[in-house]
K.L.:
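Okay, here's the structure, questions in a sec.
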Amino acid sequence: MPELPEVETIARSLSQGRGTGFSILGKVINDVTILWKRSIAVPSAEEFYQRVHGQTICDVGRRGKYIVMQLSDDALLFHLRMSGDLTIQPASRPTGKHDRVIFHLEGEHKLVFEDARKFGRVWLLRDAQEELGELGPEPLSDTLDEDHFFRMLQASKRQLKPLLMDQTFLAGLGNIYTDEALFKARLHPLSISNQLSSQHAAILLQAIRETLHEGIRRDGASIDWVYRGGNFQNQFCVYGRKGKACPVCGTTIERIVVGQRGTHYCPTCQSKSAIS
DNA sequence: AGGGAAACCCGAACGC
DNA sequence: TGCGTTCGGGTTTCCC
């Protein structure tokens, strides 16, 4: 659920100290409490503990849906998956029900990885590329241009919905932003990628970027009971709007399942011509 | 190569 | 009210 805009929002607030007035940049990790060992992807919980304490947080960023922290010796990565969150809390705050890993920092604050559904993971690696190496390009990066994107689409004959959600194809889109971007591009989620014209490819890339930028501008979306403070959920055109009216043409929004994922679209705006 | 399904989880929503 | 059941969602893994 946390997709690129939500992860970007979290990374920025940790870095800037927005909301807490406490930036983690330059802070030393004095100690770590591991409350759920399986949240640690790599290395073992024991080695994780031994290696991470005493390191300084030098940088905080995002790659795809990963939060990437460069420490003095290692890279510390977080993937929030479905229900994870990463927050700064006063050291005195009692441990929460869903706290999984707690990093005790200098300055009376703690960095808390919480995750109700336990799908999220934390990595401690010598080199972040060990985990990030397979990711596709960043959709908002200048290094991805329309020609390149068109060639990527041409190289596959998959349905657009699962292709755009494939993190090795493009890094950062999830179920929500994919549905919204396809609506904005007026493309059917079952359209086959190599049947798109170069014009369609350019429109799709533009739609993806506008959707992600709008999500970031609104601090992401707060969906289900996982609240993060963003309000992009109020801008959804199709996601979660099955049975409601399309904001553009008034047609009833439909929901189908594609690759086991709920997929929402407007049958009028998102023509099936490209797949029939 | 690409699609389908199961597994990992648990809170919420739903049915009775 | 309270119980049991179903659902959803990101990713990996396995099977066809």
Side-chain angles (χ1 to χ4, degrees), chain A residues 1-11 34-42 45 62-68 77-86 96-101 113-123 130-136 139 151-182 188-196 212 215 220-228 230 232-233 236 238-243 253-265 274-275:
Chain A
M1 231 172 302
E3 305 178 28
L4 188 154
E6 288 77 30
V7 178
E8 179 71 23
T9 300
I10 291 168
I34 301 173
L35 295 158
W36 183 255
K37 284 190 177 186
R38 280 196 279 169
S39 293
I40 309 295
V42 113
R62 176 195 61 75
R63 173 78 170 97
K65 299 178 194 171
Y66 292 83
I67 290 170
V68 182
L77 275 60
F78 299 83
H79 197 303
L80 307 176
R81 295 278 179 94
M82 307 295 313
S83 56
D85 201 356
L86 201 50
K97 182 181 177 188
H98 302 307
D99 290 5
R100 306 302 177 198
V101 185
F113 175 68
E114 51 193 297
D115 183 19
R117 290 177 183 164
K118 299 179 177 173
F119 279 179
R121 291 291 181 269
V122 185
W123 292 256
E130 293 170 40
E131 178 64 24
L132 306 178
E134 300 294 303
L135 287 179
R151 276 181 270 118
M152 286 165 58
L153 291 167
Q154 286 290 299
S156 161
K157 46 185 173 186
R158 295 174 64 186
Q159 298 165 334
L160 287 183
K161 169 79 187 236
L163 181 63
L164 293 176
M165 289 184 62
D166 182 342
Q167 302 300 299
T168 67
F169 178 80
L170 195 64
L173 287 180
N175 208 35
I176 294 171
Y177 290 90
T178 301
D179 280 2
E180 293 298 315
L182 285 171
H188 195 284
L190 297 180
S191 298
I192 302 302
S193 56
N194 69 352
Q195 293 180 3
L196 292 200
L212 292 175
S222 306
I223 44 251
D224 280 2
W225 42 278
V226 184
Y227 180 69
R228 264 181 211 81
F232 186 63
Q233 69 278 9
F236 290 167
V238 289
Y239 181 82
R241 298 193 69 249
K242 174 190 173 186
I253 300 298
E254 289 192 6
R255 181 185 187 275
I256 57 176
V257 175
V258 183
Q260 295 183 296
R261 310 307 306 279
T263 298
H264 315 74
Y265 70 104
I275 63 165

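Just so it is clear: chains get the letters A, B, ... in the order the sequence lines come, proteins before strands, and each one is counted from 1.
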K.L.:
Name the nucleic acid region contacted by A:Y239, choosing base, sugar-phosphate or nothing; use a 4.0 angstrom heavy-atom cut-off, strictly under.
P.N.:
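Sugar-phosphate, no base atom in range.
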K.L.:
Determine the contact category for A:R100: base if any of its heavy atoms lies under 4.0 Å from a base atom, sugar-phosphate if only primed atoms, P, OP1 or OP2 are that close, otherwise nothing.
P.N.:
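It contacts nothing in the nucleic acid.
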K.L.:
Please test A:D179 against A:K161 for side chain to side chain contact (heavy atoms under 4.5 Å, CB included), starting from the C-alpha separation and ending with a verdict.
P.N.:
CA-CA 8 Å; A:D179 280 2; A:K161 169 79 187 236; 2.6 Å; yes
K.L.:
How long is the line joining CZ of A:F119 and P of C:dG8, in whole Å?
P.N.:
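It works out to 14 Å between those atoms.
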K.L.:
State the CD1-CD1 distance between A:I67 and A:I10, to the nearest 0.5 angstrom.
P.N.:
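Separation between the atoms: 5.0 Å.
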K.L.:
What is the distance from CD1 of A:I256 to P of B:dG4, rounded to the nearest Å?
P.N.:
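Result: 11 Å.
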K.L.:
Under the side chain to side chain contact (heavy atoms under 4.5 Å, CB included) rule, what do A:L135 and A:Y66 come out as? Steps first, then yes or no, please.
P.N.:
CA-CA 10 Å; A:L135 287 179; A:Y66 292 83; 4.0 Å; yes
K.L.:
Rounded to the nearest 0.5 Å, what separates atom OH in A:Y265 from atom CG in A:L182?
P.N.:
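Reported to 0.5 Å precision, the distance equals 12.0 Å.
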K.L.:
In degrees rounded to 10°, what angle is found between the helical axes fit to the five outermost pairs at each end of the helix from B:dG2-C:dC16 to B:dC16-C:dG2?
P.N.:
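End axes: 50° apart.
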K.L.:
Under 3.5 Å, is there an N or O donor on one side and an acceptor on the other linking the side chain of A:R117 and the base of B:dC10?
P.N.:
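Counting by modelled atom types and ignoring angles, a donor-acceptor contact under 3.5 Å is found here.
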K.L.:
Can a side chain N or O of A:K118 be found less than 4.0 Å away from OP1 or OP2 on B:dC10?
P.N.:
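True: A:K118 side-chain N/O within range (under 4.0 Å) of B:dC10 OP1/OP2.
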K.L.:
Report the distance from atom CZ of A:R121 to atom P of C:dG9, rounded to the nearest whole Å.
P.N.:
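For the pair A:R121 CZ and C:dG9 P, the rounded distance is 20 Å.
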K.L.:
State the CD1-NE2 distance between A:I256 and A:H188, to the nearest 0.5 angstrom.
P.N.:
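Going from CD1 on A:I256 over to NE2 on A:H188, the span is 5.0 Å.
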K.L.:
Could you tell me the separation between the NZ atom of A:K97 and the C1' atom of B:dG11, rounded to a whole number of Å?
P.N.:
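My rounded result for the distance is 8 Å.
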K.L.:
Rounded to the Å, how far apart are A:L190 CG and B:dG2 P?
P.N.:
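Taking atom P of B:dG2 as the reference, CG of A:L190 is at 16 Å.
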K.L.:
On a heavy-atom basis, which atom in A:L164 and which in A:L173 lie closest, and how many Å separate them?
P.N.:
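Closest pair (atom of A:L164, atom of A:L173, distance): O-CB, 3.6 Å.
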K.L.:
Rounding to an integer number of Å, can you tell me how far A:K157 NZ sits from B:dG3 P?
P.N.:
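Computing the A:K157:NZ to B:dG3:P distance gives 10 Å.
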K.L.:
What string of B, S and - do you get for nucleotides 11-16 of chain C, 5' to 3', when a contact is any protein heavy atom under 4.0 Å?
P.N.:
B-----
K.L.:
What residues form a ring-ring contact (aromatic ring centres under 6.0 Å, His included) with A:F119, not counting sequence neighbours?
P.N.:
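Residues passing ring-ring contact (aromatic ring centres under 6.0 Å, His included) with A:F119: none at all.
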K.L.:
Need one value for A:R38: base, sugar-phosphate or nothing, where a base atom within 4.0 Å counts as base even if backbone is also close, heavy atoms only.
P.N.:
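Contact class for A:R38: sugar-phosphate only.
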K.L.:
Taking C-beta and beyond as the side chain, do A:Q159 and A:I192 meet within less than 4.5 Å on heavy atoms?
P.N.:
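Yes, close enough: below the 4.5 Å cut-off.
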K.L.:
Within this structure, what is the CE-to-P distance between A:M82 and C:dG8, rounded to whole angstrom?
P.N.:
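Going from A:M82 (CE) to C:dG8 (P), I get 11 Å.
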K.L.:
Can you find a side-chain donor-acceptor pair between A:E6 and A:Y177 that sits under 3.5 Å?
P.N.:
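Looking only at side-chain atoms, A:Y177 and A:E6 do form a donor-acceptor pair, the distance falling under 3.5 Å.
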K.L.:
Tell me: CD1 of A:I192 to P of B:dG2, nearest whole Å?
P.N.:
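So the two atoms are 10 Å apart, to the nearest Å.
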